[in-house]
There are 2 protein chains.
Amino acid sequence: MVSARRTSVWLEGKSPRARKAEQPSGLDREKITEAAVRLLDTEGLARFSMRKLAAGLNVTAMSVYWYVDTKDDLLELALDRVVGELPIPDPASGADWRDRLRELAASYRALFVAHPWASSLVGHFLNIGPRSMEFGRTAQQVIADTGLPLHLQSAALSSVFQFVYGFGTVEGQFRQRCEEAGMSQDEYFRHAMGAFRDQPAYGEDYERAERIMAARGGDTVEEMRDRDFRFALEVQIAGIEAMVARGA
Amino acid sequence: MVSARRTSVWLEGKSPRARKAEQPSGLDREKITEAAVRLLDTEGLARFSMRKLAAGLNVTAMSVYWYVDTKDDLLELALDRVVGELPIPDPASGADWRDRLRELAASYRALFVAHPWASSLVGHFLNIGPRSMEFGRTAQQVIADTGLPLHLQSAALSSVFQFVYGFGTVEGQFRQRCEEAGMSQDEYFRHAMGAFRDQPAYGEDYERAERIMAARGGDTVEEMRDRDFRFALEVQIAGIEAMVARGA
DNA sequence: GCGTTCACTTGTACGGTGTACGAGACCTAG
DNA sequence: CTAGGTCTCGTACACCGTACAAGTGAACGC
């Protein structure tokens with residue numbers, strides 16, 4: 001018989017814990033999760049620690065463990081919480097699926113930019129927290145309205161949202177790098193390109209990169225990225241439309 | 001003046017280190033990187049440590065630091081190495097860009113399945129190692145052959161490869177989870193679905209999931225995933241074709 | 001031959017990490 | 001008043017990345 005292995009915080013047998021009265025520390029899962037998100041935002045995933053979190057709550061590290069089984073569980077809670085912050089387009093708005101998809105994709109992208117640590121976590125967990133589920137439900141509904149047959153919808157969903165995930169991840173990590181280096185995105189970009197140019201082995205690649213940069217135009221890194229994102233999203237939409245038109 | 005911050009192992013001023021003769025331990029960057037990849041494959045990123053790596057090489061942890069500045073640098077080297085293992089379609093084969101794109105995407109997906117730890121790393125580094133560059137060059141060439149204007153090519157590249165990255169990441173992490181739990185993918189899937197069904201709050205979602213599963217058909221999780229991947233990739237291709245046809 | 005220098009290897013140590021464990025402190029029920 | 005549950009805390013363990021300094025042994029100039 002297969003042992004019942006842990007799958008997710010969200011699939012525990014019991015609800016968090018029955019509370020009898022206000023505890024002296026005033027702690028609860030909600031407050032801990034909120035503090036965790038704050039700390040993750042300021043320190044990043046690598047420097048996030050249970051001890052620092054506890055200190056911020058004026059409590060010892062082990063107190064936190066009363067409300068949460070492991071650090072991973074807490075991270076799972078934190079992830080679901082930030083997903084819950086996303087604005088979600090009203091499914092009953094009657095708007096075209098394309099517009100709702102653009103809105104949802106923009107939200108999702110913004111998530112990884114605002115919380116770069118979230119990128120590293122989505123891959124690790126099952127993402128079945130209540131807010132993640134709601135987001136998934138909405139996304140599913142948008143794809144359902146494209147007219148694709150049911151059995152192809154999950155693939156189309158993958159196509160779009162995995163792209164947004166990847167794009168947002170790279171973007172978020174880049175921004176974090178810039179911040180840590182104390183440079184603006186454009187400064188950091190020039191810095192990296194400079195170091196790149198100075199590597200003799202990469203001469204050809206550097207020139208190609210320059211040529212592409214020139215063609216893309218755009219004054220700032222951010223502007224170019226925005227354009228790329230919008231265009232890539234239109235590629236996704238056009239692809240789905242083409243598949244619908246092909247009738248499969 | 002902006003301090004010259006670290007950007008990547010690949011942008012160091014000097015080549016690794018001049019070697020005079022065969023060292024008693026027989027160590028070098030190559031061997032260390034290879035051992036690192038092996039250890040990452042067997043232990044996963046979370047359980048990878050410099051001490052374990054050194055032990056596997058019959059050497060103390062600090063010896064490794066003679067060849068490599070930090071753990072992160074080593075991880076960057078390991079990542080580039082596995083990228084180098086990917087089969088790359090011959091750019092001069094004259095094959096249609098669609099076929100070359102399918103081949104390249106399949107390779108990239110396989111990377112994250114074979115080395116789930118690589119997923120967590122691609123986001124963290126600049127990915128400008130020689131093998132990553134070669135892969136990028138090839139991908140760039142494929143996109144160039146679609147007929148898209150130069151200034152839209154990087155966006156199209158994003159669209160496809162960020163999707164593959166996201167897809168491969170989720171797939172790789174899932175497989176790793178299954179292995180750690182000692183279950184087959186189908187067993188684990190049923191296990192998770194079961195736990196899911198038992199959560200009263202998720203009744204509606206569970207039923208929707210079941211409905212979609214039924215529609216997708218397919219005997220195994222793997223089969224369904226393969227179909228999803230192929231279809232999503234065709235969505236990408238159709239999208240690019242549509243954009244080319246639109247003349248922008 | 002001999003001292004120096006360089007290329008490495010090693011041992012020790014520091015300041016962190018996640019978290020198991022057990023001893024309390026307080027509140028409530030009986 | 002006692003018993004038990006809920007929560008907090010201090011201590012401790014095993015492990016981590018890596019700084020630092022003291023070796024070791026071979027190559028080289030003299």
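Just so you know, these numbers use all the heavy atoms, side chains as well, and skip hydrogens, waters and symmetry mates. Chain letters run A, B, ... following the sequence lines, proteins first, then strands; residues in each count from 1.
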Q: Specify the separation, in whole Å, of atom CG of A:Leu57 and atom C1' of D:dC7.
A: 15 Å
Q.
Can a side-chain donor-acceptor contact be found between B:Asp228 and A:Ser158 if the only test is distance below 3.5 angstrom?
A. no
Q) In residues 47-55 of chain A, which ones come under 4.0 Å of DNA chain C, going by heavy atoms? A) A:Phe48, A:Ser49, A:Met50, A:Arg51, A:Lys52
(Q) With a cut-off of less than 4.0 Å, is there a side-chain N or O of A:Tyr67 near OP1 or OP2 of D:dT8? (A) yes
Q: Ignoring the backbone of A:Leu27, work out which of C:dT19, D:dT8, C:dT12 is nearest its side chain.
A: D:dT8
**Q.** Set of side-chain contact (heavy atoms from CB on, under 4.5 Å) partners for B:Glu34, sequence neighbours left out
**A.** B:Arg38, B:Arg81
Q | Phosphate contact (D:dT8 OP1 or OP2) by A:Trp66 side-chain N/O below 4.0 Å | A | no
Q: Find the distance A:Tyr65:OH to C:dG22:C1' and express it as a whole number of Å.
A: 17 Å
Q: With the side chain of A:Ala61 defined as its heavy atoms from C-beta on, choose the nearest nucleotide among C:dT19, D:dG10, D:dT18.
A: C:dT19
Q) What do you reckon, are the aromatic ring centroids of A:Phe112 and A:Phe167 less than 6.0 Å apart? A) no
Q. Near A:Arg208 CZ, under 6.0 Å, is it more than 12 heavy atoms from other residues, nucleotides or ligands?
A. yes
**Q.** Cation-aromatic face contact A:Arg177/A:Tyr188, 6.0 Å, 45 degrees
**A.** no
Q) Rounded to the Å, how far apart are B:Met62 CE and D:dG23 C1'? A) 15 Å
Q. What's the CZ-C1' distance between B:Arg29 and C:dC8, to the nearest Å?
A. 15 Å
Q.
Measuring from the side chain of A:Ser63 (C-beta onward, heavy atoms only), which nucleotide among C:dG11, C:dA7, D:dT8 has the closest atom?
A. D:dT8
Q | Separation of atom CG in B:Asp28 from atom P in C:dA7, rounded to whole Å | A | 16 Å
(Q) In this structure, how many angstroms lie between the P atom of C:dG18 and the CG atom of A:Asp73, rounded? (A) 14 Å
Q.
Taking side-chain contact (heavy atoms from CB on, under 4.5 Å) as the definition, give me every residue that meets it alongside A:Ala195, ordered by chain and number, with sequence neighbours left out.
A. B:Leu11
Q: Rounded off to whole Å, could you give me the CG-to-P distance for the B:Leu74 and D:dT18 pair?
A: 10 Å
Q. Within 45° of the six-membered ring axis of B:Tyr202 and under 6.0 Å from that ring's centre, is NZ or CZ of B:Arg197 located there?
A. no
Q: Compare the minimum distances between each of D:dC9, D:dC16, C:dG11 and the side chain of A:Thr60, then state the nucleotide with the smallest one.
A: D:dC9
Q) If you check every side-chain atom of B:Lys71, which of D:dC9, D:dC16, D:dA19 has the closest atom? A) D:dC16
